[in-house]
Protein chains: 2
Amino acid sequence: MMADKVTSFDVARQAGVSQSAVSRVFTPGASASAATRSKVIKAAEELGYRPNTLARAMITGKSRVIGVVVAYLENQFYPMALEHLDHALKARGYHIMLFMAKNDDSVGQIVEELMSYQVEGIITASVAMSNDIAKRCHDAGIPVVLFNRGQDTGNLAQVTSDNVKGGRTVANFLFAGGHRKIAHISGWLESSTGLDRMRGFVDGLAEHGIAPVAVEDGRYSQKIASEITRSLCDSPDRPDAIFVGNDHMAFAVMDTLRFELGLSVPDDVSVIGYDDVPIAAWPAYDLTTIRQPINQMVNATVDVLLARIENDAASERIQIPGPLKIRGSAKKPKGFTR
Amino acid sequence: MMADKVTSFDVARQAGVSQSAVSRVFTPGASASAATRSKVIKAAEELGYRPNTLARAMITGKSRVIGVVVAYLENQFYPMALEHLDHALKARGYHIMLFMAKNDDSVGQIVEELMSYQVEGIITASVAMSNDIAKRCHDAGIPVVLFNRGQDTGNLAQVTSDNVKGGRTVANFLFAGGHRKIAHISGWLESSTGLDRMRGFVDGLAEHGIAPVAVEDGRYSQKIASEITRSLCDSPDRPDAIFVGNDHMAFAVMDTLRFELGLSVPDDVSVIGYDDVPIAAWPAYDLTTIRQPINQMVNATVDVLLARIENDAASERIQIPGPLKIRGSAKKPKGFTR
DNA sequence: CTGAAAGCGCTTACAG
DNA sequence: CTGAAAGCGCTTACAG
């Protein structure tokens with residue numbers, strides 16, 4: 001049952017042509033006559049031949065694999081991104097090799113692995129070590145793009161949504177909804193994403209002449225976000241609205257508010273998230289949130305990466321604006337309907 | 001900045017040894033004297049040498065990559081499995097190449113890709129085409145194990161939880177809780193997982209002398225599960241408990257019950273799921289469910305797969321029992337405390 | 001369009 | 001333990 005290994009040499013022999021001819025038939029765009037082509041195809045089918053991708057990759061230096069490094073998959077945004085990335089990449093003839101970066105993994109270790117597998121390009125889609133990893137791979141000459149993460153210095157390619165604008169939109173919406181005691185549980189403030197959303201939000205509020213009653217770093221952790229929620233609402237002067245740095249934390253915030261503190265969302269406290277992952281639309285949360293246009297972000301990421309692989313394109317920083325998705329977790333300003 | 005490609009030949013030259021020596025130093029378990037070893041290591045570091053995994057893979061026939069085919073990542077069980085799989089595999093020196101099987105992809109296409117990348121083994125962790133894909137790869141001589149899916153015929157290796165037992169446990173728990181009008185929205189009944197849970201459940205109920213008031217195929221779809229919930233509860237004689245074939249659907253069932261039909265869970269209707277994904281523990285759902293011991297399942301999967309890669313081990317069917325995790329979505333039988 | 005030959009970067013018997 | 005040589009399965013100038 002086990003298919004014996006059949007090589008291009010075998011096919012060539014069977015078809016009565018040279019190995020070169022076989023190679024050409026299986027190389028898109030290479031020149032081969034119709035006659036040769038059909039002889040080769042026929043022989044290949046008879047023998048069950050399949051070109052050895054590894055050998056081809058070694059010769060051409062093109063492995064057709066992209067390394068995707070991701071930190072953890074519990075926040076639904078990342079599995080969704082992975083799914084889209086796979087589709088977009090597959091459409092271009094690439095495959096994904098997964099590199100989960102646990103926090104106790106060393107950056108050097110991961111970089112070693114990425115490089116030794118000769119990935120043609122790298123997409124980092126996570127927190128913490130992204131920048132380090134990206135920088136080192138970039139320095140080693142392999143194209144990288146940071147997905148959903150930026151960095152101010154350096155010249156790495158990156159695609160994010162327009163986080164500053166998103167934060168500002170939330171500020172406007174909340175202010176228009178009549179809120180004046182607004183807190184922010186931010187995304188990790190060491191990440192551009194967390195920082196930009198916070199900045200846009202604070203600036204937006206400032207334009208209305210107010211400041212957030214609190215800004216605390218939730219570090220993308222549900223546990224930390226819950227703790228902050230508790231301490232925020234423990235005071236007699238609790239906030240009447242909370243903007244949370246991503247949906248994943250926002251779910252924990254809502255749960256804490258409702259089931260632990262006995263508060264109503266949005267009657268007592270409005271909550272707004274960021275991402276618009278599928279769960280945000282589930283009725284239990286019905287979360288008002290800024291939608292990250294994941295499809296566009298993924299397409300842009302793939303475009304930039306492949307451009308860099310094919311020729312040494314300049315670095316780019318792409319920001320894609322995302323709309324506010326109004327649902328039921330935050331008071332709606334007059335005149336707004338869902 | 002771009003590191004020039006440095007080969008084992010270069011290192012050999014610099015270290016004053018043969019290429020074979022270099023190869024041996026980088027091959028775990030190969031014999032090389034301490035002197036040679038240190039010369040080579042030194043030269044390698046100076047030159048920034050890194051063995052080319054592709055070349056090695058081509059020679060040895062061992063790519064050290066495992067193909068993981070997965071259908072979709074919205075059900076949190078699969079990203080979690082992926083994360084665990086990556087860790088377990090990495091610990092053994094393997095990496096994951098991802099193959100998302102969209103429904104409109106042809107089985108043949110996917111199999112072609114898997115084979116041409118010379119993956120050493122395959123794990124299928126999804127629905128629909130799993131069996132087809134697995135069978136063809138197995139026939140081609142490449143080791144496969146079905147994760148969270150079985151099949152009655154054939155001799156493919158597979159690891160699941162003990163789904164029959166799980167279904168039975170749910171039946172006992174619900175009966176003990178005083179329920180007598182119990183419906184089942186099953187997992188896809190063409191999958192062993194869906195079928196086994198259903199059978200165990202029906203059998204379990206039968207032992208108490210009752211039958212489910214309805215068994216409908218939810219096909220792992222939230223949308224379908226919601227529709228079934230609606231029609232089930234539309235009747236004056238609605239069920240007082242629903243066992244749902246997986247957590248992912250159970251969330252939709254609970255949302256439909258509460259927010260659309262205005263029913264209380266568990267006061268009007270008890271709901272029980274299957275999987276115990278992280279979301280099940282979120283207070284909004286607080287779902288009573290059968291826990292699939294994902295860690296053990298993943299470890300078993302990796303063990304079986306690697307055993308088959310290393311030597312031609314016999315096929316295995318592993319079933320790992322999982323406990324009922326009692327939370328708040330179903331009435332608790334007297335005497336039970338959380 | 002086609003074939004003979006060289007080569008990709010490594011590993012593996014085979015001698016020593 | 002070590003090196004020279006052959007070879008893994010393919011692609012790519014180079015001639016024709």
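Only a predicted model underlies this, so the values are computations on that prediction, with no experimental measurement involved. First the proteins, then the strands, lettered A, B, ... as listed; each starts at 1.
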Calculate the interatomic distance between A/F26 atom CZ and D/dT11 atom P; express it in whole Å. 10 Å
Among D/dA5, C/dC10, C/dG3, find the nucleotide with the atom closest to the side chain of B/S20. D/dA5
Looking at A/R56, does any N or O in its side chain come under 4.0 Å of the phosphate oxygens OP1/OP2 on D/dC10? no
Would you tell me if any nitrogen or oxygen in the side chain of A/T36 comes within less than 4.0 Å of OP1 or OP2 on C/dC1? no
Round to a whole Å and report the spacing from CE of A/M58 to C1' of D/dG7. 11 Å
Under-4.0 Å side-chain N/O to phosphate OP1/OP2 contact, B/S18 with D/dT2: no
Taking only the side-chain heavy atoms of B/Q19 (C-beta and beyond), determine which of D/dG3, D/dC10, C/dT11 contains the nearest atom. C/dT11
Toward the 5' end of DNA chain D, by each residue's nearest nucleotide, A/T53 or B/S31: B/S31
So what does A/S33 touch, heavy atoms closer than 4.0 Å: a base, only the sugar-phosphate, or nothing? sugar-phosphate
Using only heavy-atom distances, determine whether the side chains of A/S191 and A/Y220 contain a donor-acceptor pair under 3.5 Å. yes
Give a yes-or-no answer on whether the side chains of B/S161 and B/Q292 include a donor-acceptor pair shorter than 3.5 Å. yes
Tell me: CD1 of B/I59 to C1' of C/dG9, nearest whole Å? 8 Å
Does a side chain donor of either B/R149 or B/S192 reach within less than 3.5 Å of an acceptor in the other side chain? no
B/F99 and A/H95 aromatic ring geometry - parallel, tilted or perpendicular at 30°/60° bounds: tilted
Atom NZ of B/K39 to atom C1' of D/dC1: distance rounded to whole Å? 11 Å
Would you kindly give the CG-to-P distance between A/N52 and C/dC8, to the nearest whole Å? 18 Å
What does A/S23 touch in the nucleic acid at a heavy-atom separation under 4.0 angstrom: a base, only the sugar-phosphate, or nothing? base
Using Watson-Crick or G-U wobble geometry with both distances under 3.5 Å, which nucleotide pairs with D/dC1? C/dG16
Whole angstrom value for the distance that separates C1' of D/dC8 from CG of A/D10: 13 Å
Could you check which of C/dG3, C/dC10, C/dT12 has an atom nearest any side-chain atom of B/T7? C/dC10
Greater than 12 external heavy atoms within 6.0 Å of B/R13's CZ: no
What is the separation between atom CG on B/L54 and atom P on D/dT11, rounded to the nearest whole Å? 13 Å
With the side chain defined as heavy atoms from C-beta on, B/T27 is closest, among C/dT11, D/dG9, C/dC10, to C/dT11
Side chains of B/S20 and B/S23, donor plus acceptor under 3.5 Å: no
Let's see if you can work this out: which of D/dA13, D/dG9, D/dG7 has an atom nearest to the side-chain heavy atoms of A/R24? D/dA13
Picking from C/dT2, C/dG7, C/dC10, the nucleotide nearest the side-chain atoms of B/A55 would be C/dC10
With a 4.0 Å cutoff (strictly under), does any side-chain N or O of B/T60 reach OP1 or OP2 of C/dT12? no
Whole-Å distance between D/dT12 C1' and A/K62 NZ? 14 Å
Can you tell which of D/dT11, D/dT2, C/dT2 lies closest to the side chain of B/A32? D/dT2
Side-chain atoms of A/A21 come closest, of C/dG7, C/dC1, C/dG3, to C/dG3
